[in-house]
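Pasting in a structure now, in structure tokens, and then I'll have a few things to ask.
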Amino acid sequence: MAMRGLDEAFRGVGDKPGLDIWCILNLNLVPIPKSSHGKFFSGNAYLILHTNVLKTGVRQNYVHYWLGEDAKEVDCALASEKAIELDMALGSCTVQYREVQGSESEKFLSYFRPCIIPVEGCLSPQMIGGGPDSYTITMFSCRGDHVVHVREVPFSRHSLNHNEVFIIDTQSKIFLFSGCNSSTKSRAKALDVVQYIKENQHGGRCQVATIEDGKFVGDPDAGEFWSLFGGHAPISRDPPSETLEEPEPQSMKLFWVNKGKLLPVESATMDQAVLSSDKCYLLDCYAKLYLWMGKTVPSSEKKAAITLVEAYVHSEGRSTSTGTTFLNEGNETADFKSHFSNWPKNVSPTLYVEGKEKVAAIFKQKGFEVKELPDDQSELKEPLINCSGDLKVWLVDHHEKSLLPTEVKNRLCSGDCYVVEYNYVHNSKEYHLFYAWLGKGSTKEDRADAISITADMVDSVKGRAVMAQVYESEEPDFFFSVFKSLIVLKDGRSTAYKNLTEQKKQNASLFRIQGLGYESVQAIEVDLVPSSLNSSYCYILQEGDFFYTWIGSFSTPHDEDLLYQMLDKLSALKQSILVREDSELDDFWRILGKKSEYPKERHTRLGTEDPRLYTGSLEEDSYEGKEIYNFTQDDLTTEDALILDSHNEIFIWVGLCSNFKSKDQALLLGKKFLEAEVGHQRSIGMPIYVIGEGNEPPFFTCFFDWDPSKTNMYGNSFERKLALVKGSSNKTETNEKDAVTRKQFQSEATKLQETNSVIYPYEILKVHANTPITGIDVTRREAYMSAEEFQDKFRMTKDQFYKLPKWRQNKLKSDLDLF
């Protein structure tokens with residue numbers, strides 16, 4: 001039902017991924033066409049809505065209002081009010097940001113790759129959707145490593161300095177001037193802006209010249225550059241006064257809004273419990289401000305609170321460009337939550353479980369056969385790597401490693417550490433995956449040895465090698481997949497473990513059975529007590545030569561199949577007694593000690609979350625970094641060590657030109673990231689992969705729209721970008737990147753043309769079809785579907801599907817049992 005008083009401009013927005021932009025003209029919202037997205041006039045105020053759909057299917061809406069430096073006060077105030085109105089129209093589930101020209105947040109700038117270039121003056125209705133403005137010579141300064149802030153500066157030698165990168169755009173040539181103190185990464189990002197100007201202002205037909213500060217002898221481009229300023233002369237050593245400086249760190253302050261006033265919150269600790277749903281709170285982190293609005297606060301009070309925050313900034317003598325974020329209860333950002341302790345974790349999706357049972361009951365009433373659907377669909381997902389490779393396992397003992405015989409390499413002990421080497425082939429290339437597996441009961445000495453030995457083995461191997469540190473009970477799915485079947489015993493073989501632990505041989509054992517599928521099943525020995533049981537699992541209880549199999553009430557038929565598969569490995573040709581939950585024999589409880597309470601909740605995995613990318617460095621042994629929003633492969637700059645957080649694993653990507661030279665440094669970065677506030681509520685034992693540039697495995701590249709040709713480039717990031725920009729042919733006006741993209745597109749088109757000549761029904765194309773089709777390309781099952789059935793299953797056309805990132809395609813295919 002439509003909201004009373006809702007602005008007509010907001011009707012129907014927020015459902016589809018992408019951007020919606022409005023400019024305030026004559027106190028009205030005027031939509032900006034996509035062709036003009038990224039073009040902002042300094043005399044106007046804008047409202048921007050970014051809609052994103054997560055892998056879980058959850059929709060996220062981010063509202064930004066952008067204020068030009070010359071915008072009228074009345075337009076700025078209206079932009080703020082319209083942001084609240086848009087939030088209400090979207091169910092008060094948005095996160096809102098106040099953006100000021102020249103100080104935009106990196107999240108905002110990430111929507112407009114490579115940059116936004118504000119235009120002086122005001123937008124008029126006649127200019128909307130019009131062609132390019134008349135050409136004028138302009139000069140810009142650029143700063144930023146992963147997103148770039150671009151601002152127009154006066155065309156004068158006095159605008160230059162040694163710390164920034166500058167672009168001078170003339171009619172026939174674009175000059176890039178790099179200050180001697182500017183970073184390699186900022187120079188590379190400025191080249192993205194050069195390419196953007198070249199394509200949009202010159203139609204791709206102009207020359208590009210790069211000028212290095214202090215070096216001009218014998219360089220005709222440098223002579224031409226300085227002639228624009230009337231000849232060479234020294235430039236100022238000090239940056240211009242408008243250069244932004246980092247604010248001095250201050251202690252955080254928390255206020256609550258009471259009748260138009262900000263009152264300090266009297267609390268000994270920053271606990272999440274202090275936030276009340278009927279109030280608004282201001283968290284002042286000095287560099288950033290957060291206004292938190294409770295879910296029962298009326299919209300009129302929210303508007304008043306926003307006005308109060310703006311007055312607070314002015315009264316405190318703070319810059320009007322101070323970053324401000326407005327948050328609704330339940331939609332808090334990770335950086336906001338990191339300032340509080342005891343923030344509750346996400347709630348398990350019980351509604352999905354209840355809804356699934358209701359649907360199943362309805363179908364049974366109608367007479368349909370309903371097969372049990374697993375809570376976790378991961379068993380339907382084929383691994384991203386070839387799991388039929390070569391597996392070797394070494395026991396770490398007394399600073400040495402010893403290779404385990406084939407017959408026992410799938411039996412690990414909790415008291416030990418192991419090095420696991422897995423060699424496999426992918427796309428005709430050989431890959432090597434090394435795990436340092438650290439048992440729960442292993443000694444500190446063995447753990448250090450395991451990591452050191454694994455790192456040495458990775459450095460010595462030829463080819464694409466990746467190292468991972470894995471703690472027992474925190475193993476990633478790939479680890480289990482390469483073992484196929486794995487048994488983990490509560491014991492130890494190493495000398496250090498035996499010296500530390502008193503050996504007590506017990507006659508009984510309890511194993512929890514789990515697995516991703518028939519090709520990946522595990523038996524994990526747990527404590528021999530009733531509290532180790534869980535209604536969501538199946539168990540094997542062994543006493544001497546006698547076995548019980550225990551079936552939890554929430555386990556599935558698939559779980560039972562895995563149970564019997566593992567029982568054959570533990571007790572081949574031996575009899576066992578089947579026991580279902582709540583029908584146990586007295587002897588069963590005797591073996592476990594005595595009957596007592598144990599977890600009886602249904603176990604479900606939380607939905608897969610979207611990956612996040614962070615910069616990473618170690619400052620005084622602590623993590624320092626920031627998130628890179630809407631990341632792409634181009635954000636993997638060779639000077640960096642970056643952290644890809646998939647929420648199940650941590651990937652440390654190390655560029656060839658980064659300061660991280662050892663695996664130990666990279667692992668320490670991952671550990672400190674998990675310990676830092678940005679990684680709060682995470683297990684410190686999450687798997688950490690170390691991936692060197694050029695050695696990226698498929699389970700890493702799946703998070704990107706990966707272009708393999710970019711891994712074959714050499715030099716620093718500036719030299720690589722310069723080769724692409726200057727590599728353009730004046731005749732064809734296309735660069736290497738365009739050529740590679742075109743070849744890939746042609747290859748995809750050829751594949752589509754070949755596969756689309758034959759159409760098969762969805763039911764026989766599925767991985768687990770009753771009568772699976774043969775003789776097809778199993779990596780492209782979806783391509784054999786008819787256009788109508790594809791639209792029905794994927795809710796999009798094939799063209800739209802193939803424009804998605806590769807990891808998103810794989811996720812959608814996996815959900816439909818096509819991957």
Legend entry - For the student: nearest non-hydrogen atoms of V313 and S319, plus distance: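 Minimum heavy-atom separation between V313 and S319: CG1-O, 3.4 Å.
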
Inset, instruction - Please lay out, stage by stage, how D213 and L160 fare under the test side-chain contact (heavy atoms from CB on, under 4.5 Å). - result: CA-CA 10 Å; D213 186 7; L160 298 172; over 6 Å; no

Legend entry - Residue pair T637 / H146, side-chain heavy-atom distance below 4.5 Å: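 Yes, side chains in contact.
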
Distance-only criterion, 3.5 Å: show the donor-acceptor pairs between side-chain atoms of residues 21-31 and protein atoms not counting sequence neighbours.
residue : atom : partner : partner atom : Å
N28     : ND2  : N26     : O            : 3.3

Legend entry - Ring centers of F166, F140 separated by less than 6.0 Å: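 They do not qualify: ring centres at least 6.0 Å apart.
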
Inset, instruction - Using only heavy-atom distances, determine whether the side chains of S186 and S183 contain a donor-acceptor pair under 3.5 Å. - result: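 S186 vs S183: donor-acceptor pair found between side chains.
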
Inset, instruction - Would you check if Y290 and V309 make a side-chain contact, meaning some heavy-atom pair closer than 4.5 Å? - result: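 Not in contact.
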
Inset, instruction - Enumerate the residue pairs fulfilling side chain to side chain donor-acceptor pair (under 3.5 Å) with a member in residues 91-100, sequence neighbours excluded, ordered by first and then second residue. - result: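 Non-adjacent pairs meeting side chain to side chain donor-acceptor pair (under 3.5 Å): H64-E99, D87-T94, E99-S105.
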
Legend entry - Separation between CD1 of I84 and CZ of F326, rounded to the nearest 0.5 Å: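 Atom-to-atom, I84:CD1 and F326:CZ are 7.5 Å apart.
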
Inset, instruction - Report yes if the side chains of T638 and R720 come closer than 4.5 Å at any heavy-atom pair, otherwise no. - result: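 SC-SC contact between T638 and R720 confirmed.
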
Inset, instruction - Mind checking the CG-CG spacing from L262 to L308? Nearest 0.5 Å is all I need. - result: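 Output value for this atom pair is 4.0 Å.
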
Would you list the atom pairs, donor with acceptor, under 3.5 Å between side chains in residues 65-81 and any protein atom, with sequence neighbours excluded?
residue : atom : partner : partner atom : Å
Y65     : OH   : E310    : OE2          : 3.4
W66     : NE1  : E104    : OE2          : 2.9
D70     : OD2  : S42     : OG           : 3.4

Legend entry - Side-chain donor or acceptor of Y46 paired with backbone N/O of F41 under 3.5 Å: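 Yes: the side chain of Y46 pairs with the backbone of F41.
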
Legend entry - Expected output: side-chain E332 to main-chain G330 donor-acceptor under 3.5 Å: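 Answer holds: yes.
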
Legend entry - Carboxylate-amine/guanidinium contact D221 K173, below 4.0 Å: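 Between K173 and D221 there is a salt bridge, with a charged N closer than 4.0 Å to a carboxylate O.
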
Legend entry - Least distance between heavy atoms, I168 atom then M139 atom: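 Residues I168 and M139, closest heavy atoms: CG1-CG, 3.9 Å.
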
Inset, instruction - Decide yes or no for F673 and D645: does some side-chain heavy atom of the first lie under 4.5 Å from some side-chain heavy atom of the second? - result: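 With C-beta onward as the side chain, the pair touches.
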
Inset, instruction - Heavy atoms only: give me the nearest E106-E627 pair and the separation to one decimal. - result: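 Shortest heavy-atom separation between E106 and E627 comes out as OE1-O, 4.1 Å.
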
Inset, instruction - Taking atom CD of Q272 as the centre, report whether more than 12 heavy atoms of other residues, nucleotides or ligands fall under 6.0 Å from it. - result: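 Atom CD in Q272 is crowded, with more than 12 foreign heavy atoms closer than 6.0 Å.
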
Legend entry - Main-chain N/O of E719 paired with N716 side-chain donor or acceptor, under 3.5 Å: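 Judged by distance alone, yes, a pair lies under 3.5 Å.
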
Inset, instruction - State whether the side chain of T324 and the backbone N or O of T322 hold a donor-acceptor pair below 3.5 Å, judged by distance alone. - result: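 Yes; at least one donor-acceptor contact below 3.5 Å.
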
Legend entry - Between F229 and F155, ring centroids under 6.0 Å: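 For F229 and F155, the ring centres are under 6.0 Å apart.
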
Inset, instruction - Cation-pi check, R612 to F631: give yes when NZ or CZ is under 6.0 Å from the six-membered ring centre and within 45° of the ring axis, no otherwise. - result: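 Pair R612/F631 does not count as cation-pi.
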
Legend entry - Presence of salt bridge, D635 and R113, under 4.0 angstrom: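 Answer for the salt bridge query: yes.
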
Inset, instruction - Answer with yes or no whether the side chains of S717 and E639 bring together a donor and an acceptor at under 3.5 Å. - result: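 Yes, side-chain donor-acceptor contact under 3.5 Å.
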
Legend entry - Side chain to side chain, R157 and S159, heavy atoms closer than 4.5 Å: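 R157 does not reach S159 side chain to side chain.
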
Inset, instruction - Could you tell me whether the side chain of V297 reaches within less than 4.5 Å of the side chain of V257, counting heavy atoms only? - result: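 V257 does not reach V297 side chain to side chain.
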
Legend entry - Distance (rounded to the nearest 0.5 Å) between L254 CG and L283 CG: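 Result: 6.0 Å between the selected atoms.
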
Legend entry - D705 atom CG, over 12 foreign heavy atoms within 6.0 Å: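 Enclosed: over 12 neighbouring heavy atoms sit under 6.0 Å from CG of D705.
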
Inset, instruction - For H202 and S172, indicate whether the former's side chain and the latter's backbone hold a donor-acceptor pair under 3.5 Å. - result: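 Not at all, since once roles are kept as given, no pair shorter than 3.5 Å links the two residues.
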
Inset, instruction - Report yes if some heavy atom in the side chain of I167 is under 4.5 Å from a heavy atom in the side chain of C142; otherwise report no. - result: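 Touching, per the 4.5 Å side-chain cut-off.
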
Legend entry - is_close_aromatic(F255, Y281), centroid dist under 6.0 Å: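 Between F255 and Y281, the centre distance exceeds or equals 6.0 Å.
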
Legend entry - K721/D192 salt bridge by N-O under 4.0 Å criterion: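 Result for this pair is yes, salt bridge flagged.
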
Inset, instruction - I would like to know whether I48 and F40 meet side-chain contact (heavy atoms from CB on, under 4.5 Å); could you show each step before the answer? - result: CA-CA 11 Å; I48 299 94; F40 295 89; 4.1 Å; yes

Inset, instruction - Give the intermediate values and the outcome of side-chain contact (heavy atoms from CB on, under 4.5 Å) for residues I137 and D169. - result: CA-CA 6 Å; I137 296 177; D169 179 19; over 6 Å; no

Inset, instruction - Using a strict cut-off of less than 4.0 Å between a Lys/Arg side-chain nitrogen and an Asp/Glu carboxylate oxygen, indicate whether K710 and D634 qualify as a salt bridge. - result: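 A salt bridge links K710 with D634.
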
Inset, instruction - Let me know which of K302, E301, K279 forms a side-chain contact (heavy atoms from CB on, under 4.5 Å) with M293. - result: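 Passing option: K302.
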
Legend entry - Check: E212 and R187 side chains under 4.5 Å, non-hydrogen atoms: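 R187 vs E212: side chains touch.
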
Inset, instruction - Verify whether one side chain among N161 and E164 offers a donor that lies under 3.5 Å from an acceptor in the other. - result: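 There is such a pair (donor and acceptor under 3.5 Å, judged by atom type) between the side chains of N161 and E164.
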
Inset, instruction - Go through the side-chain N and O atoms of W292 and E329 and say whether any donor and acceptor fall under 3.5 Å apart. - result: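 There is no such pair (donor and acceptor under 3.5 Å, judged by atom type) between the side chains of W292 and E329.
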
Legend entry - Minimum-distance pair of heavy atoms, taken over all atoms of G14 and R59: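 Scanning both residues, the minimum pair turns out to be O-CD, 2.8 Å.
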
Inset, instruction - Applying salt bridge (charged side-chain N to carboxylate O under 4.0 Å, His left out) between D335 and each of K288, K626, K107, report the one that passes. - result: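 Looking at K288, K626, K107, the match for D335 under the salt bridge (charged side-chain N to carboxylate O under 4.0 Å, His left out) is K288.
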
Inset, instruction - Supply the atom-to-atom distance C206 SG to I174 CD1, rounded to the nearest 0.5 angstrom. - result: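 Taking SG in C206 and CD1 in I174, the distance rounds to 3.5 Å.
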
Inset, instruction - Look up atom CH2 in W653 and atom CG in L642, then write down how far apart they are to the nearest 0.5 Å. - result: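 Rounded to the nearest 0.5 Å, the CH2-CG separation comes to 6.0 Å.
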
Legend entry - Residue pair H149 / S103: nearest heavy atoms and the distance that separates them: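 So the minimum-distance heavy-atom pair works out to CE1-C, 4.3 Å.
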
Legend entry - Donor-acceptor under 3.5 Å (R318 side chain, Y286 main chain):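 At least one qualifying donor-acceptor pair exists.
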
Legend entry - From CA spacing to verdict: side-chain contact (heavy atoms from CB on, under 4.5 Å), T170, L228: CA-CA 10 Å; T170 71; L228 296 172; 4.1 Å; yes

Inset, instruction - Find the distance between CZ (F112) and NZ (K39) and round it off to the nearest 0.5 Å. - result: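 So the CZ of F112 and the NZ of K39 are separated by 14.0 Å.
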
Inset, instruction - Identify the two heavy atoms, one from A83 and one from V63, that lie closest to each other, and give their separation to 0.1 Å. - result: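 So the two residues come closest at CB-CG1, 3.9 Å.
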
Legend entry - Aromatic plane relationship, H50 with Y111 - under 30° parallel, 30 to 60° tilted, over 60° perpendicular: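 Taking H50 first and then Y111, their aromatic rings lie parallel (interplane angle under 30°).
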
